[in-house]
2 protein chains.
Amino acid sequence: MATRDTGTEKLIKDTAKRVFFAEGRLHATTQDIADAAGVNRTLVNYYFRSKDTLITQVYEEGMNDLSQRLAQVMETEKPFRERIEDFIDVFMADSMEFPYQETFLITEMNTRGNLYHKENMSEKVENFSKQIQAEMDAGRLEKMDPIHFAMNMFSMMIYPLVMKPMYKQFYSMDDEQFNRMMLERKQLVCNMLFKK
Amino acid sequence: MATRDTGTEKLIKDTAKRVFFAEGRLHATTQDIADAAGVNRTLVNYYFRSKDTLITQVYEEGMNDLSQRLAQVMETEKPFRERIEDFIDVFMADSMEFPYQETFLITEMNTRGNLYHKENMSEKVENFSKQIQAEMDAGRLEKMDPIHFAMNMFSMMIYPLVMKPMYKQFYSMDDEQFNRMMLERKQLVCNMLFKK
DNA sequence: TAAATGTTTAACAATTTTGTCAAACAAATA
DNA sequence: TATTTGTTTGACAAAATTGTTAAACATTTA
């Protein structure tokens, strides 16, 4: 059937992503999403048939998006350090917009019972680990299991953004101060990773 | 009214904490919790009146618990580095048991709209920042805004545990391998923080 | 313009989740 | 032992959330 493309379907999905990934309202109802999108709730069913379908699509697209962003750091041809620098710059900018993306994905995995992801990351991840190992062998990185390097990198980039509401309270910061903090972090995380 | 103390109230609350903080099933219903506890769902209402009350109690106790655990690192009298070492050891052990505690708290804050916490951490946090600053001034730590030191520490401890399901998939690990990894991390996180 | 087709809406129905109550039960105590 | 009091249970009720339908609406196209 020839769709008329009013943009409503995309609007609903994008709004759902905003509510889940950006605002971190993981318990949002279809009504919440419809309200946030400024449309009638029935349209969620018209375009997605059920809440479950919408959530599944948001989950899969969120997962695919993450996979692609990860592939980015694991595949480029630039020198290692430069590549990490670029990656941190891009990845943190993304995470500042959607801090709860990974949290949403994990929560879904935990509630539905480990949904597996078709795309096989194993090969890419292994390759990335080898690259890290090579840097270590060349004496340009502190020696450790390469997985720790990856964990350190992602932790330091994402987690402070997830904990933003707490940091704002504990350190009495407003949004602007916090965001400045996070921009500073791009450089700082890089330093932490390459310090020897 | 003299309670007979069958332990049921505590059982329900502890089970709720297990479901939310340990299993990360943030959408769990009262039925889910009752089932996990092996009790009749009606008892949730008998002891807590409403789901909301239960959640609020779990939230507040989770927040208090976190406050106390944080106070631990900010107040002890030992030398700074030793204190951090001890703290990482204890805090990571706790987080391995309840990886999603902070995630639950943040999610609640996001869905209810920044519940504030009576206990004022500002003073303790400021004091902790001063201690970090002192270490930096003494040349024992890389210079940076003290908040980054704290963010780095908590990120590297907690986030990999939250992302466990993903790491297990991406790196093809079982639970035992992953746990070994996390025990290694105690030392490693400490090294990262004090490397100059 | 009229018919056809896709979109949006409101009213309604079904399902899921939560809350209430009275009766059954068990332990303490008079 | 009988009574009292607190606990547990199942049946039921209420509320919240999700899903369906028919009609109104708007756009395309014959």
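The structure presented is a predicted model; accordingly, all values stated were derived computationally and were not measured. Sequence lines set the chain letters: A, B, ... in the order given, protein chains first and strands last, and positions in each chain run from 1.
- Taking atom CG on A/Leu43 and atom C1' on D/dC25, their separation rounds to 13 Å, with Å as the unit.
- Here A/Phe91 and A/Phe87 bring their ring centres to under 6.0 angstrom of each other.
- Between the P atom of C/dT7 and the CD1 atom of A/Ile12 lies a distance of 11 Å, rounded to the nearest Å.
- Using a 4.5 Å cut-off on side-chain heavy atoms (C-beta onward), A/Lys124 and A/Leu70 make no contact.
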Report task. Report the C-alpha distance between A/Thr103 and B/Val162 in whole Å, list the side-chain angles of each, state the deciding distance to 0.1 Å, and finish with yes or no for side chain to side chain contact (heavy atoms under 4.5 Å, CB included). Result -> CA-CA 8 Å; A/Thr103 304; B/Val162 172; 5.6 Å; no

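- Using modelled atom types, no side-chain atom of B/Asn191 and backbone atom of B/Leu188 make a donor-acceptor pair closer than 3.5 Å.
- The stretch residues 25-42 of chain B touches DNA chain D through B/Asn40, B/Thr42, each having a heavy atom within less than 4.0 Å of the strand.
- Whole-Å rounding puts the B/Tyr46 OH to D/dT7 C1' distance at 5 Å.
- Between B/Asn45 atom CG and C/dC21 atom P there is a gap of 11 Å when expressed in whole angstrom units.
- Between B/Phe178 and B/Tyr171, the distance from one ring center to the other does not fall under 6.0 angstrom.
- The interatomic distance linking A/Asp52 (CG) with C/dA14 (P) rounds to 21 Å, in whole Å.
- Ion pair B/Glu184/B/Arg180 not flagged as a salt bridge, since none of the NZ, NE, NH1 or NH2 atoms sits closer than 4.0 Å to an Asp/Glu carboxylate oxygen.
- If you take CZ of A/Phe48 and P of D/dT20, they are 15 Å apart, rounded to a whole angstrom.
- Looking at heavy-atom distances under 4.0 Å, A/Tyr47 makes contact with sugar-phosphate atoms alone, never a base.
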